[in-house]
Amino acid sequence: MNRDGALQSAWQQEIKKFDTPPAIADVYDVAIIGAGITGITCAEKLQASNKSCIVLEAVNIAHGTTGGTTAHLNTFFDSSYDKVIRDFGKDNARLLAQAGKEAIAIIKANVQKYQIDCDFEDKEAYLFATDEKQAQELDDLFEGSVEAGIDISWSDVQAFPIPFVKQVRIGGQAQFHPVKYIRALAAAFIKMGGTIFEETRVQEIEEADEGVLVLNTSKGSIRCRHAIYATHTPPGVNLLHFRLIPWRSYVVAVRLKDSNYPNALGYDLQDPYHYYRTHTINGEQLLIAGGKDHKTGHEENTEQFFRELEDQVQLHYDIDSVVYSWSSQYYEPVDGLPYIGHLPGGFKEVYVAAGYNGNGMIFGTLAGTIITSLIHTGDHSYKKLFDPSRVKPVAGFSKFIEQGADFISSFIKDKLSTEKIQSLVELNNDQAKVVKYDGDAYAMYKDNGGQLHAVSCTCTHVHCNVVWNNAEKTWDCPCHGSRFNINGKVLNAPAVKDLERVHLTEPDEAV
């Protein structure tokens with residue numbers, strides 16, 4: 001697919017409106033906010049345990065990160081086991097390894113139980129060090145993984161045409177088609193009596209009576225006894241926003257001239273690292289490669305990352321053409337482990353699942369099991385490990401400080417330094433700028449047809465300044481990852497309100 005407009009995930013092409021019965025219960029046992037891997041897994045698990053559930057999705061099923069993931073299913077994570085051992089101890093590292101294995105087993109069991117055609121395949125994974133510095137890192141990773149109980153061994157197999165200094169093989173991995181999987185899981189949820197409403201944005205949660213919550217949405221109010229934020233980051237202002245760092249990751253799906261497609265999952269140890277696998281899409285085998293990650297809202301010329309990623313793949317593969325390209329968002333937890341459990345500072349009946357780093361399919365699946373158990377019994381064997389209220393004075397401290405600095409910088413950035421409104425006349429087609437006029441700052445974009453789109457440059461979450469993303473034609477917030485389209489419509493939480501739109505008919509009228 002050529003980059004001549006919005007970048008579209010190969011998975012996303014299969015998303016259509018998911019019609020469900022319109023009946024609304026008086027009070028649901030559980031309302032799940034978000035219809036990605038976390039929301040749909042929670043919904044299926046809870047409905048199967050005799051809880052009446054409703055899923056509320058702002059756009060449609062798998063619209064966000066689930067529709068953009070490359071769907072590697074791993075028992076090793078972006079936070080390596082040697083680091084987890086240092087920060088959380090050996091026992092917790094082993095518990096984390098157990099959790100990863102359990103998540104893959106849950107997905108595999110659901111595929112068999114519901115006969116889901118989602119291209120699930122068991123795979124081996126290869127991590128390779130391309131220089132001596134990475135080799136030392138790989139030595140540490142290997143030792144930590146052995147301590148945690150991961151199936152890992154040194155290997156000289158040339159699974160990828162990429163030169164390496166050292167390499168390990170990790171068994172027990174897998175891959176699948178994420179949209180096919182959760183749509184089938186959603187269908188099973190509805191068959192059990194569950195309800196899904198798409199194009200329904202939850203704006204806030206209030207407490208009505210004792211034990212009853214009211215979710216105010218764009219289409220009315222929903223009453224429930226428990227609520228789950230399955231949105232990567234909760235709306236409003238919460239301590240978690242200072243513990244979650246939003247990142248963009250880039251992906252290309254390419255056709256090869258020589259059909260030298262790998263039959264494994266592959267990862268280098270560069271910073272940021274690159275990842276590879278093969279998938280058959282619409283009957284055609286493609287190499288899917290990802291990487292070039294950067295913090296959301298910290299880069300304006302995002303198109304360069306697609307070019308750099310293509311160049312990286314071209315170093316090792318003979319590319320015929322780029323068929324698809326897209327990017328996706330994930331959130332890095334400052335101490336390395338996700339936050340799954342009660343929402344800190346919120347109502348005791350409200351739960352959150354966030355901070356998956358690049359391992360969303362695993363932790364989103366685990367969230368369904370963990371939160372179901374917490375709702376039923378108040379406990380789970382992973383409760384303490386993933387507790388959103390945990391405090392680790394050492395683990396993640398530097399990243400906590402760094403994230404706070406990013407917030408302060410974007411919050412107090414001098415708007416008087418932005419370009420004057422007169423620069424509007426200098427905007428070329430398909431160009432965007434933040435401009436100053438009469439004491440206020442605006443985010444301006446002129447589309448390919450010459451039409452000007454103007455919105456407030458202040459994010460509606462906690463009022464940081466948005467930054468232009470030229471590859472996806474969006475305004476992105478560098479503080480907590482909220483994203484908006486050219487007309488200010490919310491695309492990503494934690495913001496729930498659109499940017500204020502400024503109606504301009506002719507550029508000259510705004511001067």
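C224 is not listed as a side-chain neighbour of V212, based on a closest heavy-atom distance of 4.5 Å or more. Counting heavy atoms from C-beta outward, H177 and D117 have side chains that stay 4.5 Å or more apart. By the 4.5 Å heavy-atom criterion applied to side chains, Y275 and S249 are counted as neighbours. Contact annotation: the side chain of I281 approaches that of H279 to within less than 4.5 Å [non-hydrogen atoms, C-beta and beyond]. Within the 4.5 Å cutoff, the side chain of W468 has heavy atoms near those of the K473 side chain. A heavy-atom distance below 4.5 Å is not found between the side chains of I228 and V352. Side-chain contact between I37 and L185: absent, with no pair of heavy atoms (C-beta onward) separated by less than 4.5 Å.
Other residues, nucleotides and ligands contribute more than 12 heavy atoms inside 6.0 Å of the CD atom of E206.
Taking a cutoff of 4.0 Å between a charged side-chain nitrogen and a carboxylate oxygen, D119 and K180 qualify as a salt bridge. A salt bridge is absent between K383 and D387; no separation between the charged side-chain nitrogens and carboxylate oxygens falls under 4.0 Å.
The minimum heavy-atom distance between L499 and S456, with the atom names listed, is CD1-O, 3.5 Å. Of all non-hydrogen atoms in M444 and A454, the two that sit nearest each other are SD-CB, 3.1 Å. The two residues L265 and Q173 come nearest to each other via the heavy atoms CD1-CB, 3.9 Å. Scanning both residues, S221 and V214, for their nearest heavy atoms gives CB-CG1, 3.9 Å. I61 and A186 make their closest contact through CD1-CB, 4.0 Å (heavy atoms, listed as atom of the first residue, atom of the second, distance). What you find for A354 and L244 is that their closest heavy atoms are CB-CD1, 4.0 Å.
The distance from atom CD1 of I245 to atom OG1 of T296, rounded to the nearest 0.5 Å, is 10.5 Å. For the atom pair CG (N485) and CG (N469), the distance works out to 12.5 Å, reported to the nearest 0.5 Å. Note that NZ of K384 is 7.5 Å distant from CG of N92, once rounded to the nearest 0.5 Å. For the atom pair CG (L73) and NZ (K108), the distance works out to 11.0 Å, reported to the nearest 0.5 Å. With rounding to the nearest 0.5 angstrom, the OG atom of S381 is 7.5 Å from the CD1 atom of I370. Note that the NZ atom of K101 and the CG atom of N74 stand 13.5 Å from one another [nearest 0.5 Å].
Applying the salt bridge (charged side-chain N to carboxylate O under 4.0 Å, His left out) rule to E121 yields the partners K123; only residues at least two apart in sequence or on another chain are considered. Residues forming a ring pair (Phe, Tyr, Trp, His ring centres under 6.0 Å) with F484 (at least two apart in sequence, or on another chain): none. Partners of Y229 by ring pair (Phe, Tyr, Trp, His ring centres under 6.0 Å), not counting sequence neighbours: none found. With sequence neighbours excluded, the residues forming a side-chain hydrogen bond (donor to acceptor under 3.5 Å, both in side chains) with N110 are Y181, listed by chain and number. For the ring pair (Phe, Tyr, Trp, His ring centres under 6.0 Å) test, no residue two or more places apart in sequence or in another chain qualifies with H226. Considering only residues two or more places apart in sequence or on other chains, Y81 meets the side-chain hydrogen bond (donor to acceptor under 3.5 Å, both in side chains) condition with none of them. Listed by chain and number, the residues in a side-chain hydrogen bond (donor to acceptor under 3.5 Å, both in side chains) with E44 are Y114 (sequence neighbours excluded). Residues satisfying the ring pair (Phe, Tyr, Trp, His ring centres under 6.0 Å) criterion with F77, sequence neighbours excluded, are F363.
Between C464 and C477, the two SG sulfurs stay at or beyond 2.5 Å from each other.
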Determine, step by step, whether T474 and D476 satisfy the side-chain hydrogen bond (donor to acceptor under 3.5 Å, both in side chains) criterion, reporting the C-alpha distance in whole Å, the side-chain angles of both residues, the deciding distance to 0.1 Å, and the verdict.
CA-CA 6 Å; T474 60; D476 298 352; 2.8 Å; yes
Show the numbers, then the answer: is there a salt bridge (Lys or Arg N to Asp or Glu O under 4.0 Å) between E332 and K295?
CA-CA 10 Å; E332 177 190 7; K295 290 182 181 180; over 6 Å; no
Verdict with reasoning, I222 to Y28, per side-chain contact (heavy atoms from CB on, under 4.5 Å):
CA-CA 8 Å; I222 297 292; Y28 288 92; 4.0 Å; yes
Quick one, Q175 with R277, criterion side-chain contact (heavy atoms from CB on, under 4.5 Å). Give me CA distance, side-chain angles, the key distance, then yes/no.
CA-CA 9 Å; Q175 67 180 50; R277 78 174 181 90; 2.9 Å; yes
Using the rule given for side-chain contact (heavy atoms from CB on, under 4.5 Å), can you reason through S389 versus H342, listing the C-alpha separation, both sets of side-chain angles and the distance that settles it, and then say yes or no?
CA-CA 8 Å; S389 298; H342 289 278; 5.9 Å; no
Between R243 and Y339, is the side-chain contact (heavy atoms from CB on, under 4.5 Å) condition met? List the steps.
CA-CA 10 Å; R243 295 179 176 176; Y339 306 107; 3.4 Å; yes
Can you list the steps and then say if D430 with Y445 is a side-chain hydrogen bond (donor to acceptor under 3.5 Å, both in side chains)?
CA-CA 7 Å; D430 195 29; Y445 169 67; 2.8 Å; yes
Evaluate the criterion side-chain hydrogen bond (donor to acceptor under 3.5 Å, both in side chains) for residue pair Y250 and S328; output intermediate values, then yes/no.
CA-CA 7 Å; Y250 296 82; S328 189; over 6 Å; no
Can you give the donor-acceptor pairs under 3.5 Å from side chains of residues 48-58 to other protein atoms, not counting sequence neighbours?
from	atom 1	to	atom 2	distance (Å)
S49	OG	K45	O	3.4
S49	OG	L46	O	2.8
S49	OG	H376	NE2	2.8
S52	OG	D29	N	3.1
S52	OG	D29	OD2	3.3
E57	OE1	A35	N	2.8
E57	OE2	V59	N	2.8

Would you list the atom pairs, donor with acceptor, under 3.5 Å between side chains in residues 490-497 and any protein atom, with sequence neighbours excluded?
from	atom 1	to	atom 2	distance (Å)
N492	OD1	R483	NH1	3.0

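Using the six-membered ring where Trp is involved, W326 and Y324 have ring planes that are perpendicular, over 60° apart on the 30 and 60° scheme.
At distances below 3.5 Å, not a single donor-acceptor pair connects side-chain atoms of T69 with backbone N or O atoms of T65. With hydrogens and angles disregarded, a donor-acceptor distance shorter than 3.5 Å links the side chain of N470 to the backbone of E303. For the pair R94 (side chain) and D91 (backbone), a donor-acceptor distance under 3.5 Å is absent.
Note on residues 353-371: pairs passing side-chain hydrogen bond (donor to acceptor under 3.5 Å, both in side chains), not counting sequence neighbours, are T38-Y356. Sorted by first and then second residue, the salt bridge (charged side-chain N to carboxylate O under 4.0 Å, His left out) pairs with a member in residues 344-353 form an empty list; sequence neighbours excluded.
Taking the ring centroids of Y330 and H232, they lie at or beyond the 6.0 Å cut-off.
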